[in-house]
Amino acid sequence: MQYGYFDDKAREYVITRPDTPASWSNYLGSTEYGAIITNNAGGYSFYQSAAQGRFLRLRFNSIPMDQPGRYIYLRDRDSGDYWSTSWQPVGKPLKEYKSTCRHGTAYTVIESDYAGINSQTTYFVPLGQLFEYWWVRITNTSDRPRKLSAFTYCEFSNNWDTSQDLVNLQYSLFIVKGEMRDNLLRIAINDNLTVDASNFINNDQSRHSWMALLGAPIVGFDTDRTSFLGTYRSYHNPLAVERGLCSNSKAYGDNACGSFQADLDLAPGESRDLLVMLGIGESGSFGKCTVEEFGSVSRAEKELQTLKSTLHSRLESLKVETPDPEFNSMMNVWAPYNSQVSFNWSRSASLVYNGERNGLGFRDSVQDVLGILAADPEAARSRLELMLTGQVACGGAIPVIKPFDHHPGSEPAPADEHFRSDDCLWFFNAIPVYVAETGDEAFYRKILPYADHGEATVLGHLRRALEFNLERTGRHGLPCGLEADWNDCLKLGYHGESLFVAFQLSMGLAVYAEVAGRLGLPAEAEWARKQREVLNTSIQKHCWDGEWFIWAIGEDGTVYGTKDFAEGQVYLNTQVWSVISGAATPEQAEKAMQTVKDRLATPYGLMLSAPPFIKTSIDVMRAVLFNPGIKENAGIFNHTQGWGVMAECLLGHGDRAYEYYRAFMPAAYNDRAEVRQCEPYVQAQTTYAGISPRPGNARTTWLTGAAAWAYFSATHYLLGIRPEIDGLRIDPCIPSTWPGFKVIRQFRGKRLEIVVSNPNHVCRGVTSLVLNGETMEGSLLPIQLLKNENRVTVTLG
Ligand code: GLC
């Protein structure tokens, strides 16, 4: 079943039927003013934090998932019939009601056709602003004059703190006021208090929002939700709309809403633009000034163009043309855009993430950097600096960094038993790639504070990260699992050992040795090499089970993941990371990845482990609490899929790498969207595996490590365009069926047009590399030979 298509030229995904199997969403705004909008105009808005700055309400786990939202109701004043400019919430029969939704880069356009009236509503937050536009053009497509009323609707949170708003009702139902002043709706919370802008996390302060409607005379308004909706009604049949008249209600406690009524008379063929503006700040000052400056259709149009061109320019760092159009749609628009959104909001704001995870999860946010590096190296650098200052002096990390409330040098360090074992080891993936992208080797020498006390160069931070794990090893010489390794469910405690972290550490030591060598610190490099040798010897001694690697050794000496184990016998992460880290022997690498193919590969992706956990102790593997076949309990955890692809590419298995890639690639499901159910244009955290009753259903979209790793593994490994400090490595590992592909890459301010041909249908192996007519040795394009414009031809053989 197909619900839409990719319009790559416009960089949009176009939903042609509104009754998608789940709400298909998009993001608007920035990390200052963020917003979520679905194909039926559902969603909410928030200032800086979805947990503590949420001023538009979403009732989580609601039916449907995305209500309330940003609605515009239209009513025919002659017939009394009414509908909404998005299919929901009124939900007219789809035989009579047509709707198209175009999700673009930080804007969404919803078009509707019903009863001879066409509407086109564009939602976006102008760049750098603290307000949103809903710009609606209403056209009379019938052959008779029409008298219409338009009603806006949004629902304000009472308290901007989500849990206070939704749970502490004996307090939150008594703090809101709504009124109309100078043609603006003024919504005030805790109006008797003052604004404490410098202390964002202080809930006991006054908070303001405002709304304006331009383009037609205002006939009425409502700021009290019950007055607008009526009792025993809902968003699909509001009393004010049914009656055809707002009641000019002023919220005083209970719940507030934002509704304006405007009446319009349209001749056949006539169009009218209405402009809704909604933002935060005091209506009389901030709201008024904003409307004065931005309150015209021509300004809205200009702002939309600026937004589009700015966001589109971030997609220019890499453009691909391969034989796979679905892969192209992902690479050219959605994978980088999805990565950007995950980078912005970590795991804090979506229809599923309700802000309970408030801030930047440490491990996730360091990994997210990999998805935006080429597009926005500046943002990558500042995020890396922020995360480095979330590392504490002993080398571990604070699990969640709150950018709006982070004080390096004086943060309390977590208790020793609460450290995650993997957190800072992700720096060894992200930082070298940042340096390779930019050439900014001086970054390693930059001095940054630790979260709790003291400071060190970035290289010093990296050494502390390694020492943290080296100082916390168990009886078999492997790093301890602590509170969790990458797998939140794995509880190995202070003495149990994690092989996944051992592989991370092995890779980290190799990276450190190389960096130290380049920086002219041979003793440091030697130290890291020695440590790695000792670690790899322990891995070889205790962790290979003949056809695959085990995954852990418990505090009591139990070895998890051997042939003798009934549950969690084979675990994906240790197989793929044995290859990525370079710690496996070539034979082990081949065998381990063959085991992955035989035991974990499904048409929808690689299972995290198999068989599922049912009787395993929850004290060791909390995944047992999930239904078998989903999430960490033998589900397909999409975060890990890119690692599977990378491991296969490292072994030169392009056919298999690509098969794995398509299995979890959202666009590959566009014409059978009922399988995944969620958006075919973005990644999801997890997919139900074949052992569940619902194979292929995917859940928890947008904010996931799958976004960055999917983009990174495709660009750096499948396409093999890999920055190094000395230049750009071209080492594709593609399916043998591809005759070749083209890439346009921006690299350190230079543009490269790369044409790869594969006449002999191999997967990997560059036999000729020509840069601007000159044949190169090997597969590196040296930085000193790059001009502003470059033509590169590559032959595989
Ligand atoms: C979630 C978490 C991530 C963790 C993963 C596996 O995606 O956000 O930090 O690594 O689950 O447990």
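Residues: numbered from 1 along the sequence shown. As the structure lists them, so they are numbered: ligands from 1, and atoms in each ligand from 1.
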- Would the Y434 and F443 ring centres measure less than 6.0 Å apart? yes

- Task: Would you check ligand 1 and list the protein residues that come within less than 4.0 Å of it by any heavy atom, ordered by chain and number?
- Result: R357, R363, D364, W486, N487, D488, E632, F637, Q685

- Message: Could you check whether Y688 and Y604 have their ring centres less than 6.0 Å apart?
- Response: no

- Task: For residues Y27 and W702, establish whether the separation of their ring centroids is below 6.0 Å.
- Result: yes

- How about W345 and F46: are their ring centres within less than 6.0 Å of each other? yes

- Item | Presence of salt bridge, D545 and K563, under 4.0 angstrom | yes

- Query: Between W643 and W426, what is the ring plane arrangement, given parallel below 30°, perpendicular above 60°, and tilted in between?
  - Reply: parallel

